[in-house]
Amino acid sequence: MTARKRYWLMKSEPDAFSIDDLQRVGTEPWNGVRNYQARNFMRDGMKVGDGILFYHSNTKVPGIVGLATVASEAYPDDTQFDPKSDYHDPKSTREEPRWMLVDVAFERKLAQVIALDEIKLHADELGEGFPLTAKGNRLSVFPVTAAQWKRLLSLEKKSS
DNA sequence: GCCAACGTTGGC
DNA sequence: GCCAACGTTGGC
């Protein structure tokens, strides 16, 4: 039984962890996610080999900057247990960890950023509920359909 | 740096 | 269980 490959988008602030950082280290535990919806996607949805759109948020030109793959099943995020970590969660225990993560492996950088501005031009095709173009746009991990994945990556070739 | 959106917390 | 207060995200 091989499950069909799924697709995801994951946000990171480049000041904290950029696509270049991922390229340098190769594989990175995606720690620091403290949102239940995002956690559930990692814990219940992700399988090794799934495709990831790597998105830079909170930066001059927010947008998709590279591709990565899911490199592990979900496991507890160690930073939740570390009192010295910014991500420490005093209510979490090793017996009942609250926060899970997956490892993310570098695949490639895009030839050019697919800017949020560009993505917004195609909001209609991506669908009403697409989190990047929906009002709010705060969710940092969410699924992308095969059609959305294809449509988004087709924008890479175009010059803005 | 500002602020809208929105998730979480805690008093009641 | 409601909801005001508060904290965080992220575009601009």
Side-chain angles (χ1 to χ4, degrees), chain A residues 6-25 28-46 50-68 70 74-104 106-107 109-145 148-149 151-156 158-160:
Chain A
R6 294 188 219 186
Y7 301 98
W8 307 92
L9 185 144
M10 298 178 93
K11 294 180 184 173
S12 185
E13 301 193 16
D15 287 348
F17 190 80
S18 70
I19 188 70
D20 293 317
D21 293 324
L22 185 61
Q23 181 167 30
R24 188 158 34 73
V25 299
E28 177 78 0
W30 204 258
N31 57 35
V33 170
R34 295 295 179 266
N35 170 281
Y36 289 105
Q37 225 184 328
R39 178 205 66 184
N40 294 348
F41 286 135
M42 289 197 287
R43 188 188 61 188
D44 308 328
M46 289 190 181
D50 284 358
I52 298 168
L53 299 168
F54 195 109
Y55 179 95
H56 278 175
S57 66
N58 234 317
T59 188
K60 203 163 181 182
V61 183
I64 298 163
V65 293
L67 300 183
V70 175
Y75 63 95
D77 180 346
D78 266 338
T79 62
Q80 71 196 299
F81 309 123
D82 180 1
K84 283 181 294 221
S85 170
D86 286 345
Y87 303 130
H88 180 233
D89 184 345
K91 292 182 192 150
S92 191
T93 64
R94 291 197 180 265
E95 292 69 35
E96 284 186 73
R98 187 183 282 199
W99 304 110
M100 307 288 280
L101 54 68
V102 297
D103 289 342
V104 168
F106 179 80
E107 190 163 320
K109 283 176 75 171
L110 299 190
Q112 62 195 69
V113 180
I114 302 170
L116 180 59
D117 280 351
E118 176 73 14
I119 294 168
K120 281 180 174 168
L121 298 176
H122 303 274
D124 288 352
E125 305 156 52
L126 292 166
E128 199 151 327
F130 190 64
L132 272 191
T133 48
K135 200 165 72 167
N137 185 18
R138 298 192 339 146
L139 191 57
S140 66
V141 176
F142 56 83
V144 173
T145 67
Q148 289 165 341
W149 174 275
R151 192 70 192 91
L152 286 165
L153 283 182
S154 76
L155 302 176
E156 182 187 6
K158 294 183 184 157
S159 54
S160 46

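For clarity, every value in this text was computed on a predicted model and none was experimentally measured. Order of the sequence lines fixes the chain letters, A, B, ..., with proteins taken first and strands second; residue numbering starts at 1 for each chain.
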**Request:** Round to the nearest Å and state the distance from Asn35(A) atom CG to dT9(B) atom C1'.
**Result:** 15 Å
**Item:** Along DNA chain B (nearest heavy atom to each residue), the more 5'-positioned of Lys135(A) and Arg98(A)
**Value:** Lys135(A)
Could I get a table of every N or O pair under 3.5 Å where one atom is in the protein and the other is in nucleotides 10-12 of chain C?
| from | atom 1 | to | atom 2 | distance (Å) |
| --- | --- | --- | --- | --- |
| dG10(C) | OP1 | Lys11(A) | NZ | 3.1 |
| dG10(C) | OP1 | Arg138(A) | O | 2.7 |
| dG10(C) | N7 | Asn58(A) | ND2 | 3.1 |
| dG11(C) | OP1 | Tyr55(A) | OH | 2.6 |
| dG11(C) | OP1 | Asn137(A) | ND2 | 3.3 |
| dG11(C) | OP2 | Asn58(A) | N | 3.0 |
| dC12(C) | OP1 | Lys120(A) | NZ | 2.4 |

**Asked** Between Tyr75(A) and Asp103(A), is any side-chain donor less than 3.5 angstrom from a side-chain acceptor?
**Response** yes
**Item:** Close aromatic pair by centroid cut-off 6.0 Å: Phe54(A) and Phe106(A)
**Value:** no
**Message:** Rounded to whole Å, how long is the line connecting atom CZ of Arg39(A) with atom P of dT8(B)?
**Reply:** 10 Å
**Message:** Distance alone, cut at 3.5 Å: any donor-acceptor contact between the side chains of Arg34(A) and Ser140(A)?
**Reply:** no
**Prompt:** So Phe41(A) and Trp8(A), would you call those rings parallel, tilted or perpendicular, with 30° and 60° as cut-offs?
**Reply:** tilted
**Asked** Excluding sequence neighbours, so at least two apart, what forms side chain to side chain contact (heavy atoms under 4.5 Å, CB included) with Asp89(A)?
**Response** Gln80(A), Lys91(A), Ser92(A), Arg98(A), Trp99(A)
**Item:** Euclidean distance, atom CD of residue Gln37(A) to atom P of dG7(B) [Å, nearest integer]
**Value:** 7 Å
**Request:** Using atom CG of Asp89(A) as one end and atom P of dT8(C) as the other, report the distance to the nearest whole Å.
**Result:** 13 Å
**Asked** Any chance the side chains of Thr79(A) and Asp82(A) put a donor and an acceptor closer than 3.5 Å?
**Response** no
